[in-house]
There are 2 protein chains.
Amino acid sequence: MIKRRKSKELTIGNIKIGAGAPISVQSMCNTDTRDINSTLNQISELAERGCELIRLAVLNKDAAEAIKEIVKKSPLPVIADIHFDYRLAIQCINNGINALRLNPGNIGKRENIEKVAALAKQQNIPIRIGINGGSLEKDIAQTDLPLSEKMVMSALRHIKILEDLDFDLIKVSLKSSDVPTTIEAYRLISDKIPYPLHLGITEAGTLRGGLIKSAAGLGTLLSEGIGDTIRVSLTENPAEEVTAGFEILKCLNLRQKGVNFVSCPTCGRTQINLIELAKKVEERFKDLDKPITIATMGCAVNGPGEAKNADFGIAGGIGEGYIFKKGEIIARVKENEILEKLDEIIRKSSI
Amino acid sequence: MIKRRKSKELTIGNIKIGAGAPISVQSMCNTDTRDINSTLNQISELAERGCELIRLAVLNKDAAEAIKEIVKKSPLPVIADIHFDYRLAIQCINNGINALRLNPGNIGKRENIEKVAALAKQQNIPIRIGINGGSLEKDIAQTDLPLSEKMVMSALRHIKILEDLDFDLIKVSLKSSDVPTTIEAYRLISDKIPYPLHLGITEAGTLRGGLIKSAAGLGTLLSEGIGDTIRVSLTENPAEEVTAGFEILKCLNLRQKGVNFVSCPTCGRTQINLIELAKKVEERFKDLDKPITIATMGCAVNGPGEAKNADFGIAGGIGEGYIFKKGEIIARVKENEILEKLDEIIRKSSI
């Protein structure tokens, strides 16, 4: 239903970005990159959650050196996040990095940039230009424009530096902690450049508030067809970022991953402990790898009808429950047997 | 920044809806409406969270009778949710209800509808036509159109019934549990009718998934200027719906309510336990009634700079932290004294 913006295509390891490729979910390790074991452990944990691309902060030579072994053993393509020091970029490329996040205007004189761009081009290494509303170049920050326009101006300047060097393996992000500013910045740039866009709300906060800001901001852009890869930034275990990323994409029907859970709000008609039951259903089927919808409804009156688009569901009665499939009741069981029975039915099903 | 869709204005109790009035947040009790004390207790709890309108299920005569006392004592305007039985609507209006949610096509013959519309008009009682994607009229459900178009068709049919009776105190909702369908339905109807729109994703699920679906769906519509009042439907304590509603509106700068929390994702640069610290900051200031932004940042290097739009903030160092105000460091304190000091500074401040 969503018509996606057209962009050039990039390849990072085994992941394609842009030009209609599935919108990928990425995250960033919060380990010390020099601690190879901890970093690889976290990458594995994130890969298990479904993460598709992983970014690491490369702050110094030792971190850039660690990249060599990390890239060799990582189950995911690795992106190095580099500021200011072009030598770290060169070192990472030589150590097999799959992509860079680097703003060319921040790594000094033109000959440094030329070296990085030439080597990246030769090795087919994409570069993400990552604009952050809080750290713009002084001359741009001092203009009177709205922040979203300043961010776009900054991005276009960095892009031009690479384009002038005949480098076009570019991806762009424009993150602000203010959701409308972020939305506006991406909207503004979306028809000005042909490159894929990496979406994110920066400094979105802890789990609850961060989910809301990210879902509202990324959801709006994705609904408008904007965005080729996403990172949900949370002040939390990065594994939560991955789960949230897929949940945002799933709810917009942009990716399929596991079960879609539906449940009615409680109301005066509810005859069972619906909140508990809905949580148990989610817990039980959260790792089920079937692209189905399971509905948990409070009453048998509206349950099957209102959730008729669900593949499977349960509706509560007094001390018992009904199990339905595609809107039809197929079993009536005691309250304490609902979950077992539903599980049996779903796992047996060919859907 | 968001240009809102123009609509007629309605008044429900002391709350204005549409025509540029602040987007209001509503919820629904999950008590038995006949249990007057429990219902009033829940209304008070929700009012304390900031809820502005409350809906109650009115399933029978006893519930419609209870409305009399509930309306008298409720701190919030009360909306009765009625299906099928027009006599309950008449009884609620006579008992002082502030608004109805009722689909006129579902309450039987024309003379029933006429009675309700005439009385509602006389008493200035708005009616919300609430379309639910899962319970459409059979003839519409059987057409080959996309669900979003069926929902709009159903809404227009109900609207026409009221308009033909010269009744225009109308509010409309078009809820589906599928986010893109809901977005599309509201987009389609938004320039076809002049009435205010009540937004919601139905059966959105438990807290985490429900927040994501609601923020993505409502966020998209609100960003496009669509929506005059919202309800976040969660399989949770309804108080969570109210908090989530305001968080969605706040992050789009559509309402101001309390503190906006910003915090960076952890990364290899973080020198303190940022996740814990950010949670403590939110806990400490969650009830502070100042429209300020507080940032919690992992490192003193990027902290103040990246969060310079925040009013106040803290940035972690090794065993200590910096407190900043509008991007300038104003204090350097031991790690275990950060919160106390920040609290002191914020409460003293005139912002």
Original post:
In terms of heavy-atom proximity below 4.5 Å to chain A, should B:L147 be classed as side chain, backbone, both, or neither?
Top reply: side chain
Subject >> Part of B:L207 within contact of chain A (heavy atom distance under 4.5 Å) >> reply: side chain
Subject >> Between CD1 on residue B:I275 and CG on residue A:L234, distance to nearest 0.5 Å >> reply: 9.5 Å
**OP:** Name the region of A:T243, side chain, backbone, both or neither, that has any atom closer than 4.5 Å to a heavy atom of chain B.
**Re:** both
**OP:** Working to the nearest 0.5 Å, report the span between CG of A:L222 and OG1 of B:T220.
**Re:** 8.0 Å
Original post:
Can you tell which of A:G210, A:S263, A:G219 has the highest number of heavy-atom pairs within less than 4.5 Å of chain B?
Top reply: A:S263
Original post:
Do B:E247 and A:R208 sit within salt-bridge range, that is, some charged N less than 4.0 Å from a carboxylate O?
Top reply: yes
**OP:** Against chain A, work out which of B:G209, B:G217, B:A244, B:S148 has the most heavy-atom pairs shorter than 4.5 Å and name it.
**Re:** B:A244
Original post:
B:E241 versus chain A, heavy atoms under 4.5 Å apart: side chain, backbone, both or neither?
Top reply: side chain
Subject >> Spatial distance of atom CG (B:D178) from atom CG (A:N253) [nearest 0.5 Å] >> reply: 4.5 Å
**OP:** Answer whether the closest heavy-atom distance between the side chains of B:K213 and A:K250 falls below 4.5 Å.
**Re:** no
Original post:
Can you tell if the side chain of A:E203 reaches within under 4.5 Å of the side chain of B:C264, non-hydrogen atoms only?
Top reply: yes
Original post:
Between A:T235 (side chain) and B:A278 (backbone), is there a donor-acceptor pair under 3.5 Å?
Top reply: no
**OP:** Side-chain contact test, heavy atoms from C-beta onward, threshold under 4.5 Å: evaluate it for A:S223 versus B:E184 and give yes or no.
**Re:** no
Original post:
Looking at A:D35, A:L211, A:L254, A:V281, which makes the most heavy-atom pairs under 4.5 Å with chain B?
Top reply: A:L211
**OP:** Against chain B, work out which of A:A63, A:A216, A:P238, A:S214 has the most heavy-atom pairs shorter than 4.5 Å and name it.
**Re:** A:A216
**OP:** Check each atom of B:E240 against the heavy atoms of chain A and say whether the ones under 4.5 Å are side chain, backbone, both or neither.
**Re:** both
**OP:** Could you look at B:E282 and say if it's the side chain, the backbone, both or neither that has a heavy atom under 4.5 Å from chain A?
**Re:** side chain
Original post:
How long is the gap from CD1 on B:I212 to CG on A:L249, to the nearest 0.5 Å?
Top reply: 10.0 Å
**OP:** Would you check, one step at a time, whether the test side-chain contact (heavy atoms from CB on, under 4.5 Å) holds for A:L252 with B:I183?
**Re:** CA-CA 10 Å; A:L252 295 169; B:I183 292 172; 4.2 Å; yes
